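These figures come from a predicted structure and were not determined experimentally.
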Amino acid sequence: VASNALTGTIPPMEHLVNLTLLDLSSNALTGALPSGLSAAANLQRVSLHENRLEGTIPAYLSDNAALTSVTVDNNPDICGDVPALSASLTYSGV
């Protein structure tokens, strides 16, 4: 659902255990990065760039062995340190 002028916060995602791709890029989403994605053990790519998200990069991202790409750039209020990431994971942001 990229580039759909979505607004508001990202809803809880604990129930999306089979999710492999999350692309909410180029919207107007606000709030923190979703913590419930830690349940998605098969998640391979997270694209949240070009929103208005805030807070820190969740540490659980470093625990997901399937994850290969995370993009959160162009979210002016994302801050803090990037968690230690797997060598196979590419990251774009902060």
Side-chain angles (χ1 to χ4, degrees):
V1 277
S3 303
N4 275 291
L6 298 176
T7 61
T9 59
I10 300 173
M13 298 190 165
E14 288 84 3
H15 59 287
L16 300 175
V17 295
N18 294 317
L19 187 69
T20 58
L21 165 67
L22 177 64
D23 188 351
L24 296 173
S25 60
S26 302
N27 283 292
L29 297 169
T30 58
L33 288 129
S35 61
L37 290 177
S38 59
N42 297 316
L43 186 62
Q44 297 173 10
R45 194 176 88 186
V46 176
S47 296
L48 299 171
H49 57 281
E50 297 180 17
N51 280 288
R52 288 183 259 158
L53 298 171
E54 58 192 44
T56 59
I57 307 297
Y60 70 79
L61 291 176
S62 63
D63 297 331
N64 186 332
L67 195 60
T68 59
S69 174
V70 176
T71 56
V72 294
D73 51 314
N74 294 324
N75 283 286
D77 295 320
I78 295 284
C79 61
D81 294 329
V82 176
L85 301 174
S86 159
S88 62
L89 179 62
T90 60
Y91 169 79
S92 173
V94 186

>> side chain to side chain contact (heavy atoms under 4.5 Å, CB included), that's the test. Do L29 and L48 meet it? Break it down for me.
In response: CA-CA 9 Å; L29 297 169; L48 299 171; 5.5 Å; no
> With side chains defined as the heavy atoms from C-beta onward, is the minimum distance between D77 and T30 less than 4.5 Å?
Replying inline: no
> A28: what forms a side chain to side chain contact (heavy atoms under 4.5 Å, CB included) with it, not counting sequence neighbours?
Replying inline: T7, R52
> Mind checking what makes salt bridge (charged side-chain N to carboxylate O under 4.0 Å, His left out) contact with D23, not counting sequence neighbours?
Replying inline: R45
> Any donor and acceptor pair, going by atom type alone, linking the side chain of D63 with main-chain N or O of S38 inside 3.5 Å?
Replying inline: no
>> Side-chain heavy atoms nearer than 4.5 Å, only ILVMFWY residues, links allowed to pass through others: does that put L6 and L22 together?
In response: yes
> Do you know which of T56, V72, N51 makes side-chain contact (heavy atoms from CB on, under 4.5 Å) with L33?
Replying inline: V72
> About how many Å separate CD of E50 and CG of L24, when rounded to the nearest 0.5 Å?
Replying inline: 13.0 Å
> Quick one: does S25's side chain get under 4.5 Å of H49's, heavy atoms only?
Replying inline: yes
>> Please give me the minimum heavy-atom distance between P34 and P58, naming the atom from each residue.
In response: O-CG, 4.4 Å
> According to the salt bridge (Lys or Arg N to Asp or Glu O under 4.0 Å) rule, which pairs have a member within residues 30-40, sequence neighbours left out?
Replying inline: none
> CG/N42 to CG/N64 distance, rounded to the nearest 0.5 angstrom?
Replying inline: 8.0 Å
>> With side-chain contact (heavy atoms from CB on, under 4.5 Å) as the test, pick out the partner of N75 among I78, T71, D73.
In response: I78
> Checking side chain to side chain contact (heavy atoms under 4.5 Å, CB included) for the pair I10/L53: CA distance, chi angles, key distance, verdict?
Replying inline: CA-CA 9 Å; I10 300 173; L53 298 171; 4.1 Å; yes
>> Ignoring hydrogens, what is the shortest heavy-atom contact between A41 and A66? Give both atom names and the distance.
In response: O-CB, 3.5 Å
> Is any side-chain heavy atom of V46 closer than 4.5 Å to a side-chain heavy atom of L67?
Replying inline: yes
